[in-house]
Peer 1: 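Sending over a structure as structure tokens; questions will come in a sec.
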Amino acid sequence: MRAIIIVLDSLGVGQLPDAEAYGDRGADTLGHIHEKTGLQIPNLRAMGLGNIQGAAGGMLAVQSPEGCFGRLGEMSAGKDTITGHWEIAGLETKTPFKTYHDGFPRELMDEFVKATGRGYLGNCVASGTEIIKELGPEHEKTGKVIVYTSADSVFQIAANTATVPLEELYDICAKARKLLTGKYSCGRVIARPYVIDDTGNRVRTADRRDYAVSPPGDTMLNLVSSREMPVVAIGKISDIFNGRGVTESIHTESNDDGVTKTIEAMGRKFDGLIFTNLVDFDSKFGHRRDPEGYAGALEEFDARLPEITGAMTNEDVLFLCSDHGNDPVHSGFDHTREYIFCLAYGEKLKRGVDLGTRNSFADIGATVTEMLTGSSAKTAIGESFWKDIRLE
């Protein structure tokens, strides 16, 4: 058998009970996008997205969903990408990754300059698209890289590739990764290359690269690959897990490219796992508080969903989910603490099973692990719903 997990990055389906503690009271990524735009996503609706408890106020529900559907709460502390993906794969993060709301300490930045040979600009909380507009000219004049962070545990380094060649930017990020441990711990270092386009605008490229900490234990990926089954990571999945448990990593340029490469991987015959992240929902529209753009991206994915299901074999099971919220009408520019959605679909599955509200994202990883390995392996956390959805 084969599992295909596609993460629609940041498509939350309503605030978690503890959302207020994170400053996210009232957050509802899917619901607010629909309110603002009147989403046209017939294929996701047919699979059962709108039938999930609380999703878009029931406005997207259908009479007879073709898939199994539910919403999952988060056990881990935090609302960032690594925490969400690690929990999906079976690990709980009890202590949230350290954040730097006042920028990074001076002594750390002195070490950064010494290690990289480059000065820096910024060192503040900022929107990535805005800070390259603001500091780009000085960066291009001085060669100092732009350093910024967000509400997440991230050390982001932006540079014009005409000023700092891409490979040097990657090397700078690798050196920063080595510094950001211990008392300076940080979840991810992110390379943010950009160019100046024909209109004179500074535009980030698809050559982003994440340098993450390694998961502290085995995940679904390790449990599957240790049984000599391929784990094909598409998009930034390999970066998020720092390569642990991944047998093949495939870079993507966009959501659309991610879908295409997922379908191409599905065309190869093997038992195992395909794990894809579609980051544009989050990076291009959630963080930029663009509900119309987010809606357009969802509609584009929806239009390609029949291609994905059409590429499935009778033995394949498709899981669609998210990893956190990023409500594009919420205040600020950061992720929101929300339930994630889960849809499961395949010829071997029942139709229209309501999985309800579940306690952990890890139920996905537990289910996939049981599906692919039987009872021989279990994730550290999570309750499998495999028995609830499979046809006898």
Peer 1: To which residues is Phe112 joined in a hydrophobic cluster, defined by side-chain heavy-atom contacts under 4.5 Å among Ile, Leu, Val, Met, Phe, Trp and Tyr, whether direct or through other members?
Peer 2: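 ILVMFWY cluster around Phe112 also holds Tyr100, Phe104, Leu108, Met109, Val113, Tyr120, Val145, Val147, Phe155, Ile157, Val164, Leu166, Leu169, Tyr170, Ile172, Leu179, Leu180, Tyr184, Val189, Tyr211.
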
Peer 1: Is the closest basic N to carboxylate O distance between Arg244 and Asp218 below 4.0 Å?
Peer 2: yes

Peer 1: Met312, Ile234: one ILVMFWY side-chain cluster at the under-4.5 Å cut-off?
Peer 2: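 Same cluster.
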
Peer 1: I'd like to know if the side chain of Glu87 pairs up with that of Ser76 as donor and acceptor (distance under 3.5 Å, no hydrogens or angles considered).
Peer 2: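 A donor-acceptor contact under 3.5 Å links the two side chains.
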
Peer 1: Between Tyr294 and Phe285, how do the two ring planes meet: parallel, tilted or perpendicular, split at 30° and 60°?
Peer 2: tilted

Peer 1: More than 12 heavy atoms of other residues, nucleotides or ligands under 6.0 Å from CZ of Arg25: yes or no?
Peer 2: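 No, the 6.0 Å shell around CZ holds no more than 12 heavy atoms from other groups.
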
Peer 1: Would you please test Ile82 and Arg188 for side-chain contact (heavy atoms from CB on, under 4.5 Å) and show each step?
Peer 2: CA-CA 8 Å; Ile82 290 181; Arg188 281 180 296 162; 3.1 Å; yes

Peer 1: Any non-hydrogen side-chain atom of Asp271 less than 4.5 Å from a side-chain atom of Leu372?
Peer 2: no

Peer 1: Among side-chain atoms of Thr99 and His101, is any donor-acceptor pair under 3.5 angstrom?
Peer 2: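 Yes, because at least one side-chain N or O of Thr99 sits under 3.5 Å from a partner of the opposite role on His101.
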
Peer 1: We want to know whether Glu383 and Ser360 form a side-chain donor-acceptor pair, criterion being a heavy-atom distance below 3.5 angstrom.
Peer 2: no

Peer 1: Can you tell me how far CD of Glu300 sits from CG of Leu305, rounded to the nearest 0.5 angstrom?
Peer 2: 14.0 Å

Peer 1: Between Phe69 and Phe341, does the ring centre distance come in under 6.0 Å?
Peer 2: no

Peer 1: Flag the pair Phe97 / Trp86 as yes when their ring centroid distance falls below 6.0 Å, and as no otherwise.
Peer 2: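 That pair passes the under 6.0 Å test.
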
Peer 1: Hydrophobic cluster mates of Tyr148, side-chain heavy atoms under 4.5 angstrom, ILVMFWY only, any path?
Peer 2: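 Members alongside Tyr148: Leu121, Ile131, Ile132, Leu135, Ile146, Tyr194.
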
Peer 1: Measuring only between side-chain heavy atoms, which start at C-beta, is Val232 closer than 4.5 Å to Phe270?
Peer 2: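 Side chain of Val232 against side chain of Phe270, heavy atoms only: contact under 4.5 Å found.
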
Peer 1: Could you check Asp282, Asp9, Thr29 and say which one makes a side-chain hydrogen bond (donor to acceptor under 3.5 Å, both in side chains) with Asn326?
Peer 2: Asp282

Peer 1: Just to verify, what does Arg288 make a salt bridge (charged side-chain N to carboxylate O under 4.0 Å, His left out) with, not counting sequence neighbours?
Peer 2: none

Peer 1: Give a yes or no on whether a salt bridge exists between Glu264 and Lys261, defined as a side-chain N under 4.0 angstrom from a carboxylate O.
Peer 2: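 Lys261 and Glu264: not salt-bridged.
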
Peer 1: Under a 4.5 Å side-chain heavy-atom rule over Ile, Leu, Val, Met, Phe, Trp and Tyr, are Ile41 and Val13 clustered together?
Peer 2: yes

Peer 1: Hey, would you say the His32 and His330 ring centroids sit under 6.0 Å apart?
Peer 2: no

Peer 1: Is it true that, when you exclude Lys178 itself, more than 12 heavy atoms of the residues, nucleotides or ligands shown sit nearer than 6.0 Å to its NZ?
Peer 2: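 Open.
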
Peer 1: Start with the C-alpha distance between Lys144 and His139, add both sets of side-chain angles, then the distance that settles side-chain contact (heavy atoms from CB on, under 4.5 Å), and finish with yes or no.
Peer 2: CA-CA 5 Å; Lys144 296 178 180 179; His139 153 66; 5.5 Å; no

Peer 1: Roughly how far apart are Glu338 CD and Gln15 CD, rounded to 0.5 Å?
Peer 2: 8.5 Å

Peer 1: Do NZ/NE/NH1/NH2 and the carboxylate oxygens of Asp256 and Arg304 come within less than 4.0 Å?
Peer 2: yes

Peer 1: How far apart are the C-alpha atoms of Ile274 and Arg2, what are their side-chain angles, what is the distance that settles it, and do they pass the side-chain contact (heavy atoms from CB on, under 4.5 Å) test?
Peer 2: CA-CA 8 Å; Ile274 299 171; Arg2 184 169 59 182; 4.1 Å; yes

Peer 1: State whether Arg337 and Glu20 are salt-bridged, where the test is any N-O pair (Lys NZ or Arg NE/NH1/NH2 against Asp/Glu carboxylate O) under 4.0 Å.
Peer 2: no

Peer 1: Between Leu44 and Tyr345, is there shared hydrophobic-cluster membership here, with clusters defined by ILVMFWY side-chain heavy atoms closer than 4.5 Å?
Peer 2: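 Cluster IDs for Leu44 and Tyr345 match.
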
